[in-house]
Protein chains: 2
Amino acid sequence: MAQIQRNQPLYEQLMWRIKAQVAAGVLVIGEKLPSVREMALIEGLNPNTVAKAYKALEAQNVIETVTGKGTFIRRNGENADNELVEQLKNKLTEVTIEAKRVSISPNQLHSWIDELYGEKQ
Amino acid sequence: MAQIQRNQPLYEQLMWRIKAQVAAGVLVIGEKLPSVREMALIEGLNPNTVAKAYKALEAQNVIETVTGKGTFIRRNGENADNELVEQLKNKLTEVTIEAKRVSISPNQLHSWIDELYGEKQ
DNA sequence: CTACGTGTACTATGTTACACGGTACACTTA
DNA sequence: TAAGTGTACCGTGTAACATAGTACACGTAG
């Protein structure tokens with residue numbers, strides 16, 4: 001009954017917003033996220049949509065959910081799943097092919113990556 | 001009436017297959033692609049789906065289509081569209097955040113990029 | 001224990017993108 | 001003229017997405 005016109009599902013957009021805040025250090029390990037219903041009000045989404053994002057984030061070990069208590073930021077994983085690494089390489093391949101096509105230098109890509117890594121852990 | 005179970009639309013998959021062949025030098029500038037109906041037979045797709053991919057590829061200046069003649073590989077663009085650059089940076093940001101989360105070093109990302117750039121133009 | 005907040009699991013409805021089948025048209029080339 | 005090209009439709013079916021609403025099991029504060 002909603003959805004205006006997007007290229008990415010709302011629950012995925014929310015996932016990336018949370019992931020970015022974790023990577024930027026805005027959300028610290030152990031910190032409690034707003035409840036499903038609170039986050040729904042904040043983001044203007046349906047609680048079910050937020051729940052879907054939370055569930056997916058837990059499957060990726062980004063957050064930990066304790067029924068009855070809430071959801072909390074988890075510490076970063078030490079080793080990467082093989083399937084995840086493949087997905088990452090595929091995505092990076094797409095980016096690189098596209099960059100090469102429009103004459104963006106590899107050094108430009110390198111510096112973009114380093115900028116993001118430079119932010120506090 | 002089809003679609004088995006995928007994370008990416010068939011027409012986008014075809015787009016990336018063609019883009020990759022261009023980047024790898026398998027498809028040369030000016031080369032003629034199979035017709036919509038031929039490609040449909042080759043790839044096991046509906047002609048409409050192939051046409052959708054071709055149309056999108058032309059919108060991205062990857063191929064050139066001449067009605068009545070066929071579709072041909074175009075030379076690489078010299079300058080990048082601002083909107084395209086933004087999309088690229090967003091995608092690269094997602095990759096970097098994810099890599100950082102699973103403790104993949106920036107140098108690892110750099111070498112993956114360089115490998116892809118190393119292939120013949 | 002009670003009341004509230006938590007995540008979760010349903011059912012149901014409506015919209016949209018995908019992919020398909022089929023037909024038709026304007027164009028180019030042999 | 002005949003065949004092949006890209007393109008543009010209409011219609012159908014499937015699946016994902018997002019919403020609304022209800023209900024349940026759990027933990028915590030009162």
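To find a chain, count down the sequence lines: A is the first, B the second, and so on, and within it residues start at 1. Keep in mind it's a predicted model, so treat the numbers as computed, not measured.
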*salt bridge (charged side-chain N to carboxylate O under 4.0 Å, His left out) contacts touching residues 103-113 of chain B (sequence neighbours left out)*: none

_Pairwise ring-ring contact (aromatic ring centres under 6.0 Å, His included) hits with a residue in residues 10-68 of chain A, at least two apart_ = none

*How would you label the contact of B:Glu58 with the nucleic acid (heavy atoms, under 4.0 Å): base, sugar-phosphate, or nothing?*
sugar-phosphate

*Using whole Å, report how far CG of B:Asn46 lies from P of D:dT14.*
16 Å

*Please identify each residue that fulfils salt bridge (charged side-chain N to carboxylate O under 4.0 Å, His left out) with A:Lys91, with sequence neighbours left out.*
B:Glu94

*asked:* For residues 36-53 of chain A, which residue pairs pass the salt bridge (charged side-chain N to carboxylate O under 4.0 Å, His left out) check, not counting sequence neighbours?
replied: A:Arg17-A:Glu43

*Produce a footprint string for nucleotides 23-30 of chain C: one letter per nucleotide, 5' end first; B if the base is under 4.0 Å from any protein heavy atom, S if only the sugar-phosphate is, - if neither.*
-B--BSS-

*asked:* Judged by each residue's nearest nucleotide on DNA chain C, which is more toward the 5′ side, A:Lys55 or A:Gly70?
replied: A:Gly70

*Sub-4.0 Å heavy-atom contacts from residues 28-36 of chain A onto DNA chain D, ordered by number*: none

*Could you please name the option among D:dG6, D:dT19, D:dT5 that lies closest to any side-chain atom of B:Thr71?*
D:dG6

_I need the CG-P distance between A:Leu10 and C:dA17, as an integer number of Å._
13 Å

Exercise answer: donor-acceptor pairs, residues 57-69 of chain A side-chain atoms, under 3.5 Å, sequence neighbours excluded:
| from | atom 1 | to | atom 2 | distance (Å) |
| --- | --- | --- | --- | --- |
| A:Glu58 | OE2 | A:Thr65 | N | 3.3 |
| A:Gln60 | OE1 | A:Lys19 | NZ | 2.7 |
| A:Asn61 | OD1 | A:Arg74 | NH1 | 3.1 |

*Find the distance A:Tyr54:OH to C:dA9:P and express it as a whole number of Å.*
16 Å

_For A:Glu31, salt bridge (charged side-chain N to carboxylate O under 4.0 Å, His left out) partners two or more places apart_ = none

*With the threshold set at 4.0 Å, does a side-chain nitrogen-carboxylate oxygen contact exist between A:Glu98 and A:Arg101?*
yes

*Figure out the OH/C1' separation between A:Tyr11 and D:dA18, and round it to whole Å.*
11 Å

*To the nearest angstrom, how far is A:Lys52 atom NZ from C:dG7 atom P?*
18 Å

*asked:* Can you measure B:Met39 atom CE to D:dT5 atom P for me and round it to whole angstrom units?
replied: 12 Å

*Scan residues 75-112 of chain B for pairs that pass ring-ring contact (aromatic ring centres under 6.0 Å, His included), counting only residues two or more places apart or in two chains.*
A:His110-B:His110

